[in-house]
Asker: 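The following block contains the structure, expressed as structure tokens.
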2 protein chains.
Amino acid sequence: METIQGLSPEQEVVIQKARKRVIESIGKNLDLYGITQSIGHLYGLLFFQNHPMTLDKMGEAMEMSKTSMSTGVRTLVDLKMVNKVWEKGSRKDLYEVELDWFQTFADFFSLKWRKALEINLSALRKSKTELRNLCEQSPDDAALQAVLQPDLDKIDEAIRYYMWLDRLIDSFESGDIYSLVPKDIPPSERP
Amino acid sequence: METIQGLSPEQEVVIQKARKRVIESIGKNLDLYGITQSIGHLYGLLFFQNHPMTLDKMGEAMEMSKTSMSTGVRTLVDLKMVNKVWEKGSRKDLYEVELDWFQTFADFFSLKWRKALEINLSALRKSKTELRNLCEQSPDDAALQAVLQPDLDKIDEAIRYYMWLDRLIDSFESGDIYSLVPKDIPPSERP
DNA sequence: CAATTTGTACAGTTTTTTCTGTACATACGG
DNA sequence: CCGTATGTACAGAAAAAACTGTACAAATTG
């Protein structure tokens, strides 16, 4: 936790407690997104840091090994949730959170979804081709057709879904999503 | 895997292979969504089943214990990816996949996101109140203000993001999302 | 209502993942 | 160009999660 200068102990306690609540909440819930609780906790720590942080400081604050900080922060950088920062005159690597959560959100799910999409779509298409070939080979084999048709229908519907997901991801990446769901709405429309 | 009647061995091999490819791809990639590979595999198995399936059949097909099937299928039902089905004259529970992947997608992320949203928003708001109170208590304490302001700004921005996410989830649940990103697009616009 | 079948709770085992400490390659400052 | 500081690969230890078998409670059928 960042050291705080020139405050009374009471003030500091309040601030640390307020920060801690948010950090732990974030840390716990990032776990729903497939991020370890410790890494989520690290993310929360960096969130309240007002200056880029070194691996050593992180290890100190988290009471964990520098190795863990290294791997943890690398995960966060890969997910574009944290950025590496250079500072002249220091040979240490520095890191800070990406504060634009809209961007973080878009990057995170674009990355994950696109990855799954590509692999699954490719498997679906390959299998579809094979089944269609088999289908065309024996167009009069009723038993075969009866088995193939449901499979082909399911595969087609799955492909349809992935084509849609692909366009949804596009809208995340382009920012078009914010025209349907604006970042802000006028106060009068708020619930 | 579902038994197939009245087909030549060659035909059966092709079909099983095509199915297996898709099942394994789905199983592996659901793991990106925080679902165990075995449970993902179970989901894939159910996907190609043309009739609801019992726990015993699943265990047999997956070569796993019935206990695992029970917990696995419960996870999938909780996520609304699989539905429980009743059939007269059988005392076994039967399960089948939700074939509407658009619905599955919407349910899955609505559930997860809403859960994290509620907890985090509540923590953010509680901490915001505490910090604002502290802020108002000593409006002339420059050192204090300097520390509080960045924290409050970050919290406000995070709240803004969650308010947006809340509306995004609403659009998933209401189906409004499909007006920005239609399920289908005309062939002429396809890439 | 009894007999039997079915699903799951639970404890223990196995497998997987996370975390640490050391050792080392790299890079920067002097 | 040397010396030191820094990040990470790797192997092993610790922790967590997945899986199984048994035992039992709930439910359905005759």
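First the proteins, then the strands, lettered A, B, ... as listed; each starts at 1.
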Asker: Would you call B/Lys84 and B/Glu96 a salt bridge, using N to O less than 4.0 angstrom?
Answerer: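 The answer is no: the pair does not qualify as a salt bridge.
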
Asker: Within less than 4.0 Å of OP1 or OP2 of C/dG21, is there a side-chain N or O belonging to A/Ser65?
Answerer: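 False: A/Ser65 side-chain N/O out of range (4.0 Å or more) of C/dG21 OP1/OP2.
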
Asker: Can you tell me how the ring of B/Trp113 sits relative to the ring of B/Phe172, calling it parallel under 30°, perpendicular over 60° and tilted otherwise?
Answerer: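 B/Trp113 and B/Phe172: tilted rings.
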
Asker: Return no unless some side-chain N or O of A/Ser68 is found under 4.0 Å from OP1 or OP2 of C/dT20.
Answerer: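 Yes.
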
Asker: Determine: side-chain N/O of A/Arg91 to OP1/OP2 of D/dG3, distance under 4.0 Å, yes or no.
Answerer: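 So the side chain of A/Arg91 is outside the cut-off, no N or O lying under 4.0 Å from OP1 or OP2 of D/dG3.
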
Asker: With heavy atoms under 4.0 Å as the rule, sort A/Thr54 into base, sugar-phosphate or nothing.
Answerer: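 No contact at all - A/Thr54 keeps every heavy atom at 4.0 Å or more from the nucleic acid.
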
Asker: Between A/Thr67 and C/dG21, does any side-chain N or O lie under 4.0 Å from OP1 or OP2?
Answerer: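 So the side-chain polar atoms of A/Thr67 never come under 4.0 Å of the phosphate oxygens OP1 or OP2 of C/dG21.
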
Asker: Please compare A/Asp31 and A/Lys84 by the position of their nearest nucleotide in DNA chain D and report the one closer to 5'.
Answerer: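 The 5'-side residue here is A/Lys84.
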
Asker: Strictly below 4.0 Å: does A/Thr71 bring a side-chain N or O up to OP1 or OP2 of D/dT8?
Answerer: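 Answer is no, no contact under 4.0 Å.
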
Asker: For D/dA18, does either OP1 or OP2 sit under 4.0 Å from a side-chain N or O belonging to B/Thr36?
Answerer: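 For D/dA18, OP1/OP2 do have a side-chain N/O of B/Thr36 under 4.0 Å.
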
Asker: Please determine whether a side-chain nitrogen or oxygen atom of A/Lys66 lies at a distance below 4.0 Å from atom OP1 or OP2 of D/dG7.
Answerer: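 Checking A/Lys66 against D/dG7: at least one side-chain N or O falls below 4.0 Å of OP1 or OP2.
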
Asker: Using the C1' atoms of the five pairs at each end, what is the angle between the end axes of the helix from C/dC1-D/dG30 to C/dG30-D/dC1, to 10°?
Answerer: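 Computed angle between terminal axes is 40°.
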
Asker: Send over the distance from B/His41 NE2 to D/dC19 P, rounded to a whole Å.
Answerer: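 That distance rounds to 12 Å.
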
Asker: Find which nucleotide of DNA chain C each of A/Glu63 and B/Leu94 is nearest to by heavy atoms, and output the residue with the more 5' nucleotide.
Answerer: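 Going by which nucleotide is closer to the 5' end, it is B/Leu94.
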
